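Below is one structure, written out as structure tokens, with a few remarks after it.
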Protein chains: 2
Amino acid sequence: MAGIAEVARLAGVSKSTASRALTGSGYTSDETRERVRSAAATLGYVASNSAVTLATGRTNTVGVVMPYLNRWFFAEVLEGIQQSLLERGLDLTLYDAKPGTVGRSLIFQDYLARKRFDGLIAVGLEPDDREFDRLVQLGRPVVTVVGSADTTTDVAIDDDFAARRATEHLVALGHRRIAFIGGTPQQHWAHVDRRRLDGYRGAMADAGLAEHASHIISEVTVPGGYASAVDVLGDARSRPTALVATCDEVAIGAIIAARRLGVQVPSDLSVIGIDDHEFAEMFSLTTLRQVPREQGRVAVDLLLTHIAEPDKAKAVVRMRSTLVVRNSTSALDPQHSAVVVDSRQRQADASR
Amino acid sequence: MAGIAEVARLAGVSKSTASRALTGSGYTSDETRERVRSAAATLGYVASNSAVTLATGRTNTVGVVMPYLNRWFFAEVLEGIQQSLLERGLDLTLYDAKPGTVGRSLIFQDYLARKRFDGLIAVGLEPDDREFDRLVQLGRPVVTVVGSADTTTDVAIDDDFAARRATEHLVALGHRRIAFIGGTPQQHWAHVDRRRLDGYRGAMADAGLAEHASHIISEVTVPGGYASAVDVLGDARSRPTALVATCDEVAIGAIIAARRLGVQVPSDLSVIGIDDHEFAEMFSLTTLRQVPREQGRVAVDLLLTHIAEPDKAKAVVRMRSTLVVRNSTSALDPQHSAVVVDSRQRQADASR
DNA sequence: TTGAAAGCGGTACCAT
DNA sequence: ATGGTACCGCTTTCAA
């Protein structure tokens, strides 16, 4: 409740001096600075952010737009962003822009225009063209995490690499009938799925297995992976011997489905995911680990540099994803195939 | 960028009139109001929130404090809050107060004191005494969702009822060795677990099964439920025939553990949860449904009335939880026990 | 019904 | 190094 005027009075200085002492801008003698600081402390003075914003133009707030809050990746990124902002004294204003909701259109119509933030982090947003235009026309720095445009600063893993590496792992284990399970290009999260699907296809082609490539369409959730896997794993003759899942949630759904159907993982079916989800350990899931929390922190760093230097060049940051071998993948059972697996290659793979 | 001064100029009126026309406060002729509105529209005028806040004291922002973002209940509540706020034109500032982190202490020390919100919603926060004092001494309305104090307005389900009803369901199915699986009172989320444990014990006592009551300690997550269940379900002689889980996440963990151990659900083991988690359907989980999203919406409603009428009496809102019978619970297999189950009671239970 | 002017609580420029 | 003062953009008395 106490304003800077009262602090100044108690310290016996003017408002301007008090302001300088408190913000650290401009000259102040060490002694007066101390006096002002202790006055502020005794009064429990906290600067009104609205007044600061009005005077300086800075809101000390970062906006975060994401389409989902309840999925592992998004929640983790959000936590990373939040932690990083807390350390820097910045507030986080959240905009939940679930696709196809009135809330989303309100956000793009009204909320963003209010510019109650110094910059924006958009996570896996996949905006349509109109939405994207709104975003950039704000005139505020924007950083995307898993963005779909190539004009903003973006941070993500290399999806192509991750899917490729996952597929190669299975190939090295002797698998040939390796299917990709993930979303359709029509859905949200489409770009990511598309890139991972491409990585998978590339790896299959490189291994001379192009004609074995197949795409099992699945909603990108645990129940989605479960439902799609149930449909496909029924027939022991036709089913693949290994699955590359577009992410761990789908992989876990597939494992649950396999167990229900009596298909043993990994002896009857190898499954590899991408994420290293919090449940991965529980399901002994082999996966390509990414750390979304780190991506959130990096996004904050990038955003802050863009806020400080608006003309700075846009950047593309690709975090490394690393293979974590657990027990959901194994060498192809010889009864399924006579392919000889190079054991040194397999060992090399297992020990990474 | 355009300010209200330019809108006023374009409409040929004064700033004051423009303000009245736009906010709808005070007298304005219909005609001028229209003129001002269209002027604002053509200029793409958006009021600066800092200026409004500075002049009125209202921030048009609601703060939300929660200890976790990545658990189902919290994410759902957050989505409910967000949707409701969006419809009302209010911003949501998020504070992730994970127990034991520096971020949490920063939030309580600095962030809350800045009062960048008109009111606060605290979800499952379980603040210690010092933290709680800070909360109420803000002088801003506070609404809790699943709160632990009895002095704030609070919304939640009736935990005692839910656990009681869950236990009664199993009793009606003929089970006697019914264990409760959930957290310890030392952990966070402690109050909820405590109340549910009490409800379970009450129901066991009412059924004359007090001496069969037992508490399997488990971290309140899927992997936690899994780990604890693995420890307990190994021995077919000693294990319970039914589990009341403190929430669906623990229940699901237990089901996954049971499947791993070859314990059939529900024929060897009945499991009931509380929540109706997004995975409940996939695991055919019988549960007491709550809808956290609704609790979020209700919390917003309550908070807004407190903001409008600060002296309004605090309230306690208890949402109903309803039994959803799926396939994780069934009548006790006669080979396990000779207890005769009243079949009408069982049917009544199954059809709810 | 409308306009003028005084704040709201800070910052920052310009003198001193 | 410090003080005076205009100003950020809007709301709200008060007078007309």
Side-chain angles (χ1 to χ4, degrees), chain A residues 1-37 39-40 43-61 89 91 110 113-118 139-140, chain B residues 1-37 39-40 43-61 89-91 110 113-118 139-140 307:
Chain A
M1 215 60 246
I4 199 173
E6 321 192 31
V7 175
R9 198 180 313 137
L10 180 58
V13 296
S14 71
K15 269 171 59 179
S16 355
T17 305
S19 173
R20 269 177 240 132
L22 261 16
T23 62
S25 68
Y27 294 96
T28 316
S29 77
D30 292 355
E31 191 227 316
T32 33
R33 190 178 315 125
E34 240 351 278
R35 215 146 26 89
V36 173
R37 294 239 165 113
L43 291 173
Y45 166 78
V46 178
S48 150
N49 190 58
S50 339
V52 173
T53 299
L54 198 52
T56 63
R58 268 179 294 95
T59 63
N60 298 315
T61 296
D91 269 355
D110 304 346
R114 295 185 196 161
K115 300 185 194 178
R116 298 201 195 167
F117 40 79
D118 298 326
R140 291 265 187 287
Chain B
M1 216 61 245
I4 200 173
E6 320 193 30
V7 174
R9 198 180 315 137
L10 180 58
V13 297
S14 70
K15 272 170 55 180
S16 356
T17 304
S19 173
R20 273 178 235 130
L22 261 17
T23 62
S25 68
Y27 294 95
T28 318
S29 77
D30 291 356
E31 193 227 314
T32 32
R33 189 178 317 125
E34 240 351 279
R35 214 143 31 88
V36 172
R37 294 239 165 112
L43 291 173
Y45 167 77
V46 179
S48 150
N49 190 59
S50 342
V52 173
T53 299
L54 198 52
T56 63
R58 267 178 295 95
T59 62
N60 297 314
T61 296
L90 299 169
D91 268 354
D110 304 346
R114 296 185 194 161
K115 300 187 194 175
R116 297 201 195 167
F117 40 78
D118 298 326
R140 291 266 187 286
I307 290 171

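Numbers restart at 1 for each chain; the letters A, B, ... are given by sequence-line order, proteins then strands. Just so we're clear, the structure is a prediction, and the values are computed from it rather than from any experiment.
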What distance do B:Asp118 atom CG and B:Thr56 atom OG1 have between them, rounded to the nearest 0.5 Å?
8.0 Å

Base, sugar-phosphate, or nothing for A:Val46, non-hydrogen atoms under 4.0 angstrom?
sugar-phosphate

Interatomic distance, B:Arg116 CZ vs C:dG9 C1' [rounded to whole Å]:
14 Å

Close side-chain approach of B:Ser50 and A:Thr59, heavy atoms under 4.5 Å
no

Rounded to the nearest 0.5 Å, what's the gap from CZ on A:Phe117 to CG on B:Asp91? Could you check?
9.0 Å

List in numerical order all residues of residues 47-57 of chain B for which some heavy atom is under 4.0 Å away from an atom belonging to DNA chain C.
B:Leu54, B:Ala55

So, using salt bridge (Lys or Arg N to Asp or Glu O under 4.0 Å) as the criterion, who are the partners of A:Arg35 when residues are at least two apart?
A:Glu31

For B:Tyr27 and C:dG3, give me the distance from atom OH to atom C1', rounded to whole Å.
17 Å

Please confirm whether the shortest side-chain N or O distance from B:Ser29 to OP1 or OP2 of C:dT2 is below 4.0 Å.
yes

Indicate yes or no: at least one non-hydrogen side-chain atom of B:Val36 is less than 4.5 angstrom from one of B:Val13.
yes

The complete set of salt bridge (charged side-chain N to carboxylate O under 4.0 Å, His left out) pairs with one or both residues in residues 8-27 of chain B, sequence neighbours excluded, reads none

Can you see if the side chain of B:Tyr45 gets near the phosphate of D:dG9 - specifically, an N or O under 4.0 Å from OP1 or OP2?
no

Provide, to the nearest angstrom, the distance between the CD1 atom belonging to A:Ile4 and the P atom belonging to C:dG9.
12 Å

Nearest-Å distance for atom pair NZ/C1', residues A:Lys115 and D:dC8
16 Å

Report all interatomic pairs (protein N or O, nucleotide N or O of nucleotides 14-16 of chain C) with separations under 3.5 Å.
none

So what is the end-to-end bend of the helix from C:dT1-D:dA16 to C:dT16-D:dA1, with 5 pairs used at each end and the value given to 10 degrees?
40°

Please list, by residue number, the residues of residues 9-19 of chain B whose heavy atoms come closer than 4.0 Å to an atom of DNA chain D; answer none if no residue qualifies.
B:Lys15, B:Ser16, B:Ser19

How many whole angstroms separate atom CG of B:Leu22 from atom C1' of D:dG9?
13 Å

